[in-house]
Amino acid sequence: MNMKEVERKWQARWEKAGFNRFEEKSDKPKKYVLEMFSYPSGAKLHIGHWYNYGPADSYARFKRMQGYNVFQPIGFDAFGLPAENYAIKTGVHPKDSTEKNIETMEGQLRAMGAMFDWSAEVKTCVPEYYKWTQWMFLQLYKKGLAYRKEAPVNWCPSCSTVLANEQVIDGACERCGTTVVRKNLTQWFFKITEYAEELLSGLEELDWPEKTKLMQKNWIGRSTGCEIEFDCDSGDKIKVFTTRCDTVFGVSYVVLAPEHPLARKIATEECRAAVEAYIEQASKANEIDRLSTAREKTGVFTGAYCTNPVNGKKVPVWLADYVLYSYGTGAVMAVPAHDERDFAFATKYGLPIVKVIENVEGETELPYTQDGIMVGSVDFDGLSGEEARDEVANHIAKIGKGGKKVNYRLRDWLVSRQRYWGAPIPIIYCPVCGTVPVPEKDLPVELPYDVEFRPDGKSPLAKHEKFMHTVCPVCGGEATRDPDTLDTFVCSSWYYLRYADAQNDRAPFDRNKVDRLLPVDTYVGGAEHACMHLLYARFLTKALRDMGYLDFDEPFKRLVHQGVILGPDGNRMSKSHGNIVSPDEYVEEYGSDAFRLYLMFGFSYTEGGPWSDDGIKAIARFLDRIEKTVLKIKNYPSSEGSYGAEEKALDYARHYAIGRVTRDLEGFSFNTAVARLMELLNAICKYDALPEKNCAFLKSVVKDFLLLLAPCAPHFAEELWDQTGGKGFIFEQPYPVEDPAKLVLDETEYAVQVNSKIVCKAMIPSGASGEEIEALVRALPEVIQRAEGKTVRKCIVVPKRLVNLIVG
RNA sequence: GCCGCUGUGGCGGAAUUGGCAGACGCGCGGGACUUAGAAUCCCGUGGGAGACCGUGCAGGUUCAAAUCCUGUCGGCGGCACCA
């Protein structure tokens, strides 16, 4: 079969028939199958794209044959750093390179023959799309979910530019290797923390990989504890957060993060100089130092004291950068006896270490950080664990010094980027009116083309006079625009909604269309997005719901991660490893169906693994055998024949395959689905080799075989369907359904064990009772030989599997 | 350091969730066809002459363990001073 020609032919026919489109008017149940859209960084599709889109498309086609109205859109996540970095290096404008890449990739995606609904295509870098990304920003701003504050960012002193977190590798700039420093800049944030609790609890109901749910759970990092107020002699109050309030009687000092507002305020005259110096030094600490947990702790005494509310003891207040300002209250009560960090710090600075928890079993070696019995804690002595913390927290609440509190590790989402190739932040700064959102009617705030994007420490847009200079929408006076662009993750956090109504120019989407299509039923993409894209998208969905734009809670009901195809050497494919394998030559030589089928067969889908093309010839051979067999049988007369044992066996093989393939495709277990197809083909060939055969029956099996195969090798199956006289498209046929009656055999082979050792096999009639089976087995010569003269103690029968006779 | 996943023939990988380990395929060996090769087709293929031994290793539970439990070692991923 000339696959190239066949592919082109069917792609054109499907396209002409509008076959790939979601049917607007249809009462079939909908199925929204979505693969993560691609980032057009290179010009060509790589194996990862193929591995994501090929098998997932087979799933979508399978669902279509099962009678669903399938919606499978595609698009491009087109803003982002690589295009801009490429521009800095080569001078090619990001818009030009991105558009060119998209065009090439579109062609390749079409050639792949996936069932994409191109009428819903989305590109995030066009004004028709980012207009609505900006609109999203404005809605969040109105709702109080977008706010501006000063925050430390990653700064590369060599490139003199801000870096995204993803660009910081082990504390250094990914491009030049220079150590990144922290710099305070005023930035826009989305208040994702407001949804921390729901983002956590919502995980439970999701059909997602447990691993991914756990990663999100850890990322959100809920911890329950107690907030406690320590009164300073100066009259200031220091709030601390602790998960171990049962250790509060062991507090020997309190620590503030260097950035804490009280740090300067409470410092005494004598200590002021040292405190200032320490704050200064901490602010300059670079990322590598901060990342190192092994480094020795540093700190400085403020000279101030505060009072432990539970025992009235005065304790010194220190500053130390092992306390993070961004978590909890930015202050900590230090209990060196029961915390490793406090222990190390107290040991270094000669602070007291007071044991207040006793190990129930054995010696209490300090620092002892496990749960134990409270000692030296007056009324609370003898309490332990959860109960102890409960009592202490209640006591603290009673005396008005705090109480139970839940904290999250999740931070608000920093969305400002000092970069060019992104959606401009739709905000105007007016000297009179302050921060003013761009009115919705003025959207989009267009990204200008003629911009100097070589980095020099300022946002590229800041140097563009025409862009920056504007008038205040409120007072009409002179004003300036925000020079930053939005993190590209903002663009990708709502694209799955836009697909539902991609052409809409009056709104991001029509409520009815979104309600009809969403949520996404099955979402397929890489696991690397677990704590970014997948979390942001959930957040935005919930925020839009609360603003009344949607009425569902979660965007992606089911999530599947494909594995990673590594280079043949077992490393991640990369230019530096020189191990990149391109799909192109394989597609050229074997055709897109064979390549897809090989990706499905050669790997466990969710695991991936090192690339090897050992099996691709086998797939080509498999397809050849199918073609030969199908075309040969096609020419047989259609006469009915008898239905005997051989027919029954083939019928069993057919319905076994139907059941298994159906379940395997449902579960993204593509390799076993293909294996079952191979088995069925083997059964067909075996039957075909018989001298006497029922041709009409054989033809009906071959027909089912083609239908089963169709989602996995779409062009190939369509062609054979056509050549064997099938009506319409094969994809308009219903997927075969297993007939359980055909799976009932007259007798089944059992493994026969004596004392758990296999001694032989035996055919046992299907209806036999437990006693009958035992009697049958005991009459077998292999059994008699081993059981002679012994008493049978027990007989275990596992239906359709084995019989185990325990004798002794 | 903490959390999670994972370890099965020469290779990719199966195993109905505690029930015949190694499905399906690659590779390899043998044969058929052919002047010959390629292609194709058929047979065999975990190890061991054998009793038996085999799912990283050592124990345990069970009539029965790749699967459950305890310990331990290797590989991968995430988090990393989160109080």
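FYI, side chains are in, hydrogens and waters are out, and symmetry mates aren't considered; it's all heavy atoms of this structure. Protein chains get the first letters and strands the later ones, always in sequence-line order, with residue 1 at the start of each.
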Pick base, sugar-phosphate or nothing for [X], based on heavy-atom distances below 4.0 Å to the nucleic acid.
{"X": "A/G602", "value": "sugar-phosphate"}
{"X": "A/S223", "value": "sugar-phosphate"}
{"X": "A/S604", "value": "sugar-phosphate"}
{"X": "A/R621", "value": "sugar-phosphate"}
{"X": "A/R222", "value": "nothing"}
{"X": "A/G608", "value": "sugar-phosphate"}
{"X": "A/D342", "value": "nothing"}

Suppose we screen for salt bridge (charged side-chain N to carboxylate O under 4.0 Å, His left out). Which residues come up paired with [X], at least two apart in sequence or across chains?
{"X": "A/E210", "value": "A/K213"}
{"X": "A/R409", "value": "none"}
{"X": "A/R222", "value": "A/E197"}

Test side-chain contact (heavy atoms from CB on, under 4.5 Å) applied to A/E774 - qualifying residues, sequence neighbours left out: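 Residues passing side-chain contact (heavy atoms from CB on, under 4.5 Å) with A/E774: A/R778, A/V792, A/C795, A/L805.
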
Please pick, from [options], the nucleotide with the shortest atom-to-atom distance to any side-chain atom of [X].
{"X": "A/A675", "options": "B/A23, B/A83, B/G12", "result": "B/A23"}
{"X": "A/W219", "options": "B/C24, B/C79, B/A83", "result": "B/C79"}
{"X": "A/M678", "options": "B/C81, B/G78, B/C24", "result": "B/C24"}
{"X": "A/N682", "options": "B/C26, B/C24, B/A83", "result": "B/C24"}

B/C26 base / A/K617 side chain donor-acceptor hit below 3.5 Å: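 Counting by modelled atom types and ignoring angles, no donor-acceptor contact under 3.5 Å is found here.
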
Contact letters for nucleotides 42-55 of chain B, in which S counts primed atoms plus P, OP1 and OP2 and B counts the base, heavy atoms under 4.0 Å: --------------

Report the base-pairing partner of [N] (Watson-Crick or G-U wobble, both distances below 3.5 angstrom), or none.
{"N": "B/C81", "result": "none"}
{"N": "B/G37", "result": "none"}
{"N": "B/U67", "result": "none"}
{"N": "B/G27", "result": "B/U45"}
{"N": "B/G22", "result": "none"}
{"N": "B/U55", "result": "none"}
{"N": "B/G4", "result": "B/C76"}

Considering only atom [atom1], compute the distance from [N] to [M] and round it to an integer number of Å.
{"N": "B/G19", "M": "B/C24", "atom1": "C1'", "answer": "22 Å"}
{"N": "B/G25", "M": "B/U72", "atom1": "P", "answer": "42 Å"}
{"N": "B/U6", "M": "B/C52", "atom1": "P", "answer": "34 Å"}
{"N": "B/G22", "M": "B/U45", "atom1": "P", "answer": "12 Å"}

Pairs meeting criterion salt bridge (charged side-chain N to carboxylate O under 4.0 Å, His left out) with involvement of residues 327-337 of chain A, two or more places apart: none

Aromatic ring proximity A/W611/A/Y586, centre distance under 6.0 Å: yes

A/Y590/A/F595 aromatic ring centres below 6.0 Å: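 No, ring centres 6.0 Å or more apart.
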
OP1, OP2 of [N] versus side-chain N and O of [X]: anything below 4.0 Å?
{"X": "A/Y327", "N": "B/A83", "value": "yes"}
{"X": "A/N755", "N": "B/A64", "value": "no"}
{"X": "A/N671", "N": "B/A14", "value": "yes"}

Heavy atoms of other groups near A/K686 NZ, more than 12 under 6.0 Å: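 12 or below, so no.
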
Other residues, nucleotides, ligands: >12 heavy atoms within 6.0 Å of A/K217 NZ: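 No, because the 6.0 Å sphere around NZ of A/K217 holds 12 heavy atoms or fewer from other groups.
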
Residue whose closest nucleotide on RNA chain B lies nearer the 5' end, A/G615 versus A/G609: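 The residue mapped nearer the 5' terminus is A/G609.
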
Residue met sooner reading RNA chain B from 5', once A/R572 and A/T329 are mapped to nucleotides: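 Nearest-nucleotide comparison on RNA chain B picks A/R572.
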
Beyond-backbone contact of A/I353 with A/F343, side-chain heavy atoms, under 4.5 angstrom: yes

Which residues share a side-chain hydrogen bond (donor to acceptor under 3.5 Å, both in side chains) with A/H561, sequence neighbours left out: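 Residues passing side-chain hydrogen bond (donor to acceptor under 3.5 Å, both in side chains) with A/H561: A/T212.
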
Partners passing side-chain hydrogen bond (donor to acceptor under 3.5 Å, both in side chains) against A/N571 (at least two apart in sequence or in another chain): A/D569

Could you run down the sub-3.5 Å N/O contacts of the protein with nucleotides 2-9 of chain B?
none

Qualifying residues under ring pair (Phe, Tyr, Trp, His ring centres under 6.0 Å), relative to A/W219, sequence neighbours excluded: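 With sequence neighbours excluded, A/W219 shows a ring pair (Phe, Tyr, Trp, His ring centres under 6.0 Å) to no residue whatsoever.
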
Strictly under 3.5 Å: I want the nitrogen or oxygen pairs between protein and nucleotides 19-22 of chain B, one per line.
{"from": "B/C20", "atom 1": "O2", "to": "A/K761", "atom 2": "NZ", "distance (Å)": "2.6"}

Test: A/K297 cationic atom under 6.0 Å from A/Y322 six-membered ring centre, within 45° of axis: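 Here A/K297 passes the 6.0 Å and 45° test against A/Y322.
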
Could you go through nucleotides 66-70 of chain B and list every protein N or O atom that sits under 3.5 Å from one of its N or O atoms, giving the distance for each pair?
none

Residues A/T672 and A/R660: side-chain donor-acceptor under 3.5 angstrom: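 On atom types as modelled, these side chains do not qualify, holding no pair under 3.5 Å.
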
Point-to-point distance, once rounded to the nearest 0.5 Å, from CE of A/M333 to NZ of A/K239: 16.0 Å

